[in-house]
Amino acid sequence: MHAYRSHTCVELSEANVGEEVRLSGWINRKRDHGQLVFVDLRDHYGLTQCVIDSSDACFEMVESARLESVVTVTGEVLKRSDETINTSLPTGHIEVRIEKFSVQSAADTLPLQVNSDENSGEETRLRYRFLDLRRTRPHDNIMLRAQIIQSIRGRMVALGFTEFQTPILTASSPEGARDFLVPARLHPGKFYALPQAPQQFKQLIMVSGFDRYFQIAPCFRDEDSRADRSPGEFYQLDLEMSFVEQQDVFDAVEPVIRGVFEEFSDKSIDSEFVHIPYAESMLKYGNDKPDLRVPFEITDVTEIFRDSGFSIFAKNVEKGAVVRAVPGPKCGSRAIADRMNSWAQSEGAPGMGYIIYGDGEARGPVAKAVGAEKAEEIRVAAGVGDGDAVFFACAPANEAASLAGRARVKIGEDQGLIDQDSFKFAWVVDFPMFELDEVTGKIDFSHNPFSMPQGGMEALENMDPLEIKAWQYDLVCNGIELSSGAIRNHLPEVMYKAFEIAGYENSVVDEKFPAMINAFRFGAPPHGGIAPGIDRIVMLIANEPNIREVILFPMNGKAEDLMMAAPSAVDDVALADLYIRRVPVIKSKSD
RNA sequence: GGGGGUGUAGCUCAGUUGGUUAGAGCGCUGGCCUGUCACGCCAGAGGCCGCGGGUUCGAGUCCCGUCACUCCCGCCA
């Protein structure tokens with residue numbers, strides 16, 4: 001017989017009754033009846049109940065073995081009597097009589113409870129991740145992730161995409177997020193950077209003539225974490241296609257995403273992903289990642305408040321502010337309105353005006369100030385009725401949109417109006433090519449500098465830069481940005497011109513993007529692509545509120561790996577090899 | 001960098017208006033229990049109430065500071 005096991009802990013059934021078997025695994029739980037002990041033995045595959053009574057030689061060993069110790073059990077498979085069958089276990093019709101018992105590895109008192117569905121504190125979970133991962137839900141999440149990635153690979157290959165690996169040590173790029181830098185031993189004073197995404201490589205793969213590329217690609221960005229953003233590193237389904245327009249990319253990606261979501265989740269999915277222009281999304285949803293599960297939209301009511309009796313808004317509108325109205329279904333009470341107002345203050349806004357509609361009339365300070373006629377206009381514009389409320393965000397357009405957007409989601413959540421059993425996908429399209437930097441007042445790329453402007457060279461030469469749209473798109477699901485992509489700019493002259501508008505001379509392009517600009521001089525196919533975030537896809541399908549739940553060994557919010565104790569100090573000898581010297585950290589008061 | 005939340009036994013948590021000896025479940029140690037499957041019963045050990053200062057006759061509880069974890073804003077082409 002094998003030294004450790006003849007079967008796994010899920011395999012045995014009535015068919016094996018009478019066989020001598022050997023199982024190895026962890027002690028999940030024990031039930032000690034004094035003269036009779038039950039041991040639930042757990043491995044990756046399942047649970048098998050093992051049993052021993054005091055007449056047996058190894059009884060005391062079994063009785064004293066601690067939970068989570070790794071043990072090997074040898075014995076006969078017994079059929080359970082009808083009254084003792086456990087129908088909630090696949091192996092519940094049998095049990096194994098412990099005839100030989102050995103402890104392969106004893107466990108200390110546990111820092112977290114493995115056989116519990118309750119999460120321990122985050123720090124404990126991360127420090128003892130190998131214990132946390134034994135628990136059912138984390139274990140299942142990681143298996144789900146592996147299966148999703150496997151399914152994605154299969155789907156991509158079936159569509160004629162080929163998986164390539166791209167470099168991990170590459171050049172720092174001036175745009176975008178903060179880079180992780182790696183000192184170059186052979187080049188004192190110089191650094192590699194970890195790729196924020198294989199962006200330039202995948203475009204160069206197209207220029208190299210490979211037509212359809214994909215990769216489950218690690219991406220590295222030194223930016224702060226969020227619940228849906230792991231610090232440091234994450235994975236994208238990176239893909240790129242030659243000779244395509246925007247709709248071709250959608251047609252390729254949509255079935256893959258829908259297929260994966262349908263394969264691994266029971267939630268409903270619309271048959272077609274809606275297309276929402278960026279400007280419309282900002283207006284109706286207050287952001288570029290709309291949660292379409294919230295069953296109401298924001299309306300612009302600026303003109304109703306212009307010259308109205310509500311002087312605070314009227315004055316702000318005169319100065320260029322806008323007013324956005326957020327419907328509040330069943331929010332027609334003073335208590336809810338007050339709660340929204342203090343919520344808005346906690347979000348950094350001065351507050352949130354409101355009108356309450358009830359018994360055929362409009363109530364509240366705003367309603368009084370603007371009069372019944374305008375209050376009715378607002379009610380119709382917002383599409384609400386008796387018992388509802390309307391909340392107002394009055395500020396410069398970006399700020400008002402943002403506050404209204406957050407209020408919309410909050411109302412949806414608070415009022416229980418979000419369908420928890422659906423995935424609502426949307427393509428957000430027509431992103432602006434450029435935007436105004438609010439601090440410097442300069443024009444800059446609003447998204448990806450490698451995107452093709454809609455209208456090409458002609459648009460760059462003749463239009464107001466802020467009016468130019470790009471062939472740039474996001475895929476959004478339930479208010480989470482799943483992916484971002486674009487039709488790329490493959491024309492050197494158009495690229496120079498675009499960078500020129502953003503304030504960069506040709507020489508900057510030549511210096512910072514030598515590969516791209518060189519490549520585009522030797523016959524570059526028109527191409528485009530997208531890069532859905534793997535971690536976020538798994539997080540949505542697993543129905544987890546935090547991205548750490550779908551990552552094997554995640555870092556904490558401060559980008560530390562508590563289990564491995566990374567980052568860590570290194571000695572001066574290692575630094576000297578790299579021509580690096582430590583300097584004291586100087587903390588100024590302004591820090 | 002800024003704001004919010006949390007921090008009490010190995011783990012998950014309770015702890016009233018500031019008032020005697022800080023509790024429960026799980027786990028751990030010991031005892032009882034031969035059909036449990038979150039087994040049951042009895043007993044015990046285990047506490048710098050995150051840390052430091054302050055107010056007070058008296059602080060787990062109030063105040064200030066600080067640290068840790070977390071969520072959000074900034075940031076994330």
Side-chain angles (χ1 to χ4, degrees), chain A residues 28-40 47-56 59 63-64 66-68 78 80-89 91-92 95 107-128 131-132 173-179 196-197 199-200 219-232 234 343 345-349 402-403 406 431 433-435 438-439 444-451 470 472 481 484 486 498-499 502 512-513 533 545-546 548 556-558 560 562 587-591:
Chain A
N28 191 62
R29 203 180 284 282
K30 280 193 303 183
R31 290 172 294 281
D32 188 343
H33 290 246
Q35 304 304 308
L36 181 74
V37 176
F38 297 100
V39 173
D40 289 340
L47 279 180
T48 301
Q49 172 167 289
C50 305
V51 64
I52 189 168
D53 70 44
S54 54
S55 63
D56 198 286
F59 179 76
E63 210 179 18
S64 63
R66 284 220 194 93
L67 299 187
E68 291 309 309
L78 306 176
R80 294 203 204 179
S81 64
D82 286 349
E83 325 83 71
T84 61
I85 286 171
N86 183 346
T87 51
S88 60
L89 280 183
T91 58
E95 61 195 0
D108 277 347
T109 301
L110 299 165
L112 60 81
Q113 276 169 251
V114 172
N115 63 20
S116 167
D117 290 333
E118 207 161 1
N119 286 342
S120 294
E122 205 60 28
E123 194 173 355
T124 308
R125 294 184 64 196
L126 293 178
R127 193 178 302 278
Y128 299 95
L131 289 180
D132 195 43
S173 110
E175 295 287 318
R178 215 172 280 117
D179 281 322
Q196 295 179 23
Q199 179 65 35
Q200 296 189 56
C219 303
F220 306 91
R221 296 178 191 176
D222 189 2
E223 296 293 349
D224 290 345
S225 70
R226 286 288 186 279
D228 63 353
R229 206 166 79 198
S230 64
F234 60 97
W343 167 83
Q345 284 167 350
S346 75
E347 293 283 302
S402 164
L403 178 64
R406 278 174 285 153
F431 273 79
M433 182 79 190
F434 301 101
E435 67 186 8
E438 280 175 21
V439 181
D444 205 351
F445 291 107
S446 75
H447 229 276
N448 187 320
F450 304 121
S451 298
Q472 166 87 45
E481 182 191 316
S484 203
F499 274 86
K512 299 296 185 188
F513 306 107
N546 193 292
R548 285 187 299 274
N556 69 3
K558 279 193 187 156
E560 296 165 304
L562 298 174
K587 277 205 170 180
S588 70
K589 288 225 165 128
S590 60
D591 277 346

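Note on naming: letters A, B, ... go to the chains in the order of the sequence lines (proteins, then strands), and numbering restarts at 1 for each one.
- Checking Glu435(A) against Ser446(A) by side-chain atom types alone, no donor-acceptor pair falls below 3.5 Å.
- A donor atom on one side chain and an acceptor atom on the other are not found under 3.5 Å apart for Gln49(A) and Arg29(A).
- Among the heavy atoms of the strands lying under 4.0 Å from Arg226(A) is at least one base atom, whether or not backbone atoms are also near.
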Might you list the N or O atoms of the protein lying below 3.5 Å from N or O atoms in nucleotides 66-69 of chain B, with each pair's distance?
unit_1: A68(B); atom_1: OP2; unit_2: Lys558(A); atom_2: NZ; d: 3.3
unit_1: A68(B); atom_1: O2'; unit_2: Glu123(A); atom_2: OE1; d: 2.9
unit_1: C69(B); atom_1: OP1; unit_2: Asn556(A); atom_2: ND2; d: 2.9
unit_1: C69(B); atom_1: OP1; unit_2: Glu560(A); atom_2: OE1; d: 3.2
unit_1: C69(B); atom_1: OP2; unit_2: Lys558(A); atom_2: NZ; d: 3.2

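- Phosphate contact (OP1/OP2 of U36(B), side-chain N/O of Arg31(A), threshold under 4.0 Å): absent.
- Atom C1' of G15(B) sits at a distance of 14 Å from the matching atom of G47(B), rounded to the whole Å.
- Comparing atom distances between the Ser120(A) side chain and each of C37(B), U34(B), C11(B) picks out C11(B) as nearest.
- Judged by atom type and distance alone, Arg66(A) does not reach the base of U29(B) through any side-chain donor-acceptor pair under 3.5 Å.
- Among residues two or more places apart in sequence or in another chain, the side chain to side chain contact (heavy atoms under 4.5 Å, CB included) test is passed with Ala502(A) by Phe434(A), Asp444(A), Phe445(A), Tyr504(A).
- Contacts of Arg548(A) with the nucleic acid, taken as non-hydrogen atoms under 4.0 Å apart, involve only primed sugar atoms and P, OP1 or OP2.
- Leu126(A) is linked by a side chain to side chain contact (heavy atoms under 4.5 Å, CB included) to Glu122(A), Arg548(A), Pro554(A), Asn556(A), Leu562(A), counting only residues two or more places apart in sequence or in another chain.
- When atom types are taken as modelled, the side chain of Glu223(A) and the backbone of Arg178(A) share a donor-acceptor pair closer than 3.5 angstrom.
- Distance Lys30(A) NZ to A38(B) P: 17 Å, rounded to the nearest Å.
- Not a single side chain to side chain donor-acceptor pair (under 3.5 Å) links Asp222(A) to another residue, sequence neighbours left out.
- Rounded to whole Å, the P atom of C71(B) lies 45 Å from the corresponding atom of G31(B).
- Nucleotides C63(B) and G18(B) place their C1' atoms 13 Å apart, quoted to the nearest Å.
- Between the CG atom of Leu67(A) and the P atom of C11(B) there is a distance of 16 Å, given to the nearest Å.
- Residues forming a side chain to side chain contact (heavy atoms under 4.5 Å, CB included) with Asp228(A) (at least two apart in sequence, or on another chain): Arg226(A), Ile480(A), Arg536(A), Met539(A).
- If you take atom C1' in U21(B) and the same atom in G30(B), they sit 25 Å apart, rounded to whole Å.
- When both pairing distances are held under 3.5 Å, G44(B) makes a Watson-Crick or G-U pair with C28(B).
- U12(B) sits 28 Å from G65(B) when the P atoms are compared, rounded to a whole Å.
- Residue-level contact check: Asn546(A) touches the backbone only, with heavy atoms under 4.0 Å from sugar-phosphate atoms and none from bases.
- Judged by centroid separation below 5.5 Å and plane tilt below 30°, His33(A) does not stack onto the base of U36(B).
- The nearest whole Å value for the distance from the CZ atom in Arg178(A) to the P atom in G1(B) is 11 Å.
- Remark: A68(B) base-pairs with U6(B). Criterion, Watson-Crick or G-U wobble with two distances under 3.5 Å.
- Among residues two or more places apart in sequence or in another chain, the salt bridge (charged side-chain N to carboxylate O under 4.0 Å, His left out) test is passed with Arg127(A) by Glu123(A).
- Across every strand in view, A14(B) sits unpaired, with no contact that passes the Watson-Crick or G-U test at under 3.5 angstrom.
- Nucleotides of RNA chain B nearest to Asp224(A) and Glu83(A) differ in position, and the one nearer the 5' end is that of Glu83(A).
- The same atom, C1', is picked in G27(B) and in C39(B); the two are 16 Å apart, to the nearest Å.
- Between the C1' atom of C26(B) and the CD atom of Glu118(A) lies a distance of 9 Å, rounded to the nearest Å.
- Looking at Glu95(A), its side chain comes within 3.5 Å of the base of G35(B) through a donor and an acceptor atom.
- Residues satisfying the side chain to side chain donor-acceptor pair (under 3.5 Å) test with Ser402(A), not counting sequence neighbours, are Arg406(A).
- Comparing the C1' positions of G50(B) and G5(B) gives a spacing of 16 Å, expressed to the nearest Å.
- We find that CG of Asp32(A) is positioned 11 Å from P of U29(B), with the value rounded to whole Å.
- Here U36(B) presents its P atom at 14 Å from CG of Asp82(A), a figure rounded to the nearest Å.
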Close N/O contacts between protein and nucleotides 6-10 of chain B (under 3.5 Å):
unit_1: G10(B); atom_1: O2'; unit_2: Leu110(A); atom_2: O; d: 3.1
unit_1: G10(B); atom_1: N2; unit_2: Gln113(A); atom_2: OE1; d: 3.4

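- At a threshold of 4.0 angstrom between heavy atoms, the contacts of Phe38(A) include nucleobase atoms, whether or not backbone atoms are also involved.
- Using the six-membered ring where Trp is involved, Phe450(A) and Phe499(A) have ring planes that are tilted, between 30° and 60° apart.
- Base pairing of G60(B): no nucleotide in any strand meets the Watson-Crick or G-U wobble criterion (both distances under 3.5 Å).
- A search for side chain to side chain contact (heavy atoms under 4.5 Å, CB included) contacts involving Ala470(A) returns Met433(A), Ser451(A), Gln472(A), not counting sequence neighbours.
- Contact of Arg229(A) with C76(B) (side chain to base): a donor-acceptor pair of N or O atoms is detected under 3.5 Å.
- Here the P atom of nucleotide C75(B) and the CD atom of Glu481(A) are 15 Å apart, to the nearest Å.
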Practice task
Evaluate the side-chain contact (heavy atoms from CB on, under 4.5 Å) criterion for residues Asn28(A) and Leu47(A): first the C-alpha distance (whole Å), next the side-chain angles of each, then the deciding distance (0.1 Å), finally the verdict.
Solution key: CA-CA 8 Å; Asn28(A) 191 62; Leu47(A) 279 180; 3.9 Å; yes
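- Sequence order on RNA chain B of the closest nucleotides to Asn119(A) and Gln35(A) puts Asn119(A) first from the 5' end.
- Base pairing of U34(B): no nucleotide in any strand meets the Watson-Crick or G-U wobble criterion (both distances under 3.5 Å).
- Residue Leu36(A) contributes atom CG, which lies 12 Å from atom C1' of C37(B) at whole-angstrom precision.
- As judged by a 4.0 angstrom heavy-atom cut-off over every strand, Arg29(A) is placed among residues touching the sugar-phosphate backbone only.
- Distance noted for atom C1' between G58(B) and A14(B): 23 Å (whole Å).
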